[in-house]
Amino acid sequence: MGNCSDDVLNLDSLRKSLVREEDTIIFSLIERAKYPVNSPLYDERPGFSGSLFEFFVKESEAVQAKAGRYLSVEENAFFPDNLPPSLLPPRGSQQVLHPRGASININEQILNMYHKKLLPLITSDGDDGNYAITADRDLDCLQALSRRIHLGKFVAEIKFRESPQDYTRAILAQDKDALMKLLTFESVEEMIKKRVEKKAMVFGQDVDLSENDNVGNYKVNPSVVSRLYGEWVIPLTKFVEVEYLLCRLD
Ligand SMILES: C=C(O[C@@H]1C=C(C(=O)O)C=C[C@H]1O)C(=O)O
């Protein structure tokens, strides 16, 4: 990504970023699905003030914060409290987003969805003891999902700039339903759900040199990927868009 600060920002280029992000999300799900659910990773553990998963994510985010990851407004931490400062200076890019909306972070909801809904659908039962690598794969999935969903802030900003009058009316009335209606493009959503299902088939099939295609043997169930988008990724992106717009005129 990394082009959200450019002033050439428009809905087409942003949607291209969302399409590219689909690849990242699907590949990360495929990588996580290599391992069983490994549930002890998520259990409270004495000496860790939480689970091994939480420990892994917090420590990883601390390193990434020092290396400047969260200087980018496209990146949101899962445990943003007490992160160390960046050792690199800010990049001084132009502020595209409205400052209040820029700080929206719904990672708690994303984490909850990931653990409760998504993980059981993409992993097999079992415990192979590979907790560190499993946590690393989790973090890849979570960061990709979070980036995609929080890009909703940029989508909302562009939509606002394209029809300021319509949006201003709904924002002044703090009318969430009207905002949701204004920002929704059902045909775009339908296309996305079909495309991610197809991508999951293409990316997740076994490749060998025999004549027989391994059709039907996918590393992540394509209909789960479509459901992930339809039930969680798109609704959460739209939630971010509405939240952003509600404070756009503050
Ligand atoms: C992100 C957008 O806003 C809405 C959310 C979508 C999504 O999350 O994929 C798709 C279309 C819109 O209903 C967009 O218009 O591209």
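Each ligand, and each atom within it, is numbered from 1 in the order the structure gives.
Relative to the six-membered ring of Y244, R100 misses at least one condition, a distance below 6.0 Å or an angle of at most 45° to the axis.
In the hydrophobic clustering of ILVMFWY residues, with side-chain heavy atoms under 4.5 Å counting as a link, V37 and F56 come out apart.
Donor-acceptor pairing under 3.5 Å is recorded for the side chains of R148 and T237.
Using a heavy-atom distance under 4.0 Å as the criterion, the protein contacts of ligand 1 are R15, L18, R148, V155, K159, L183, T184, F185, V188, E189, I192, I234, T237, K238, E241.
Put simply, the side chain of F79 reaches to within 4.5 Å of the side chain of L111, judged on heavy atoms.
A salt bridge links K193 with E190; the closest basic N to acidic carboxylate O contact falls under 4.0 Å.
None of K116, H115, E108, Q109 except one satisfies the side chain to side chain donor-acceptor pair (under 3.5 Å) rule with N112; the exception is K116.
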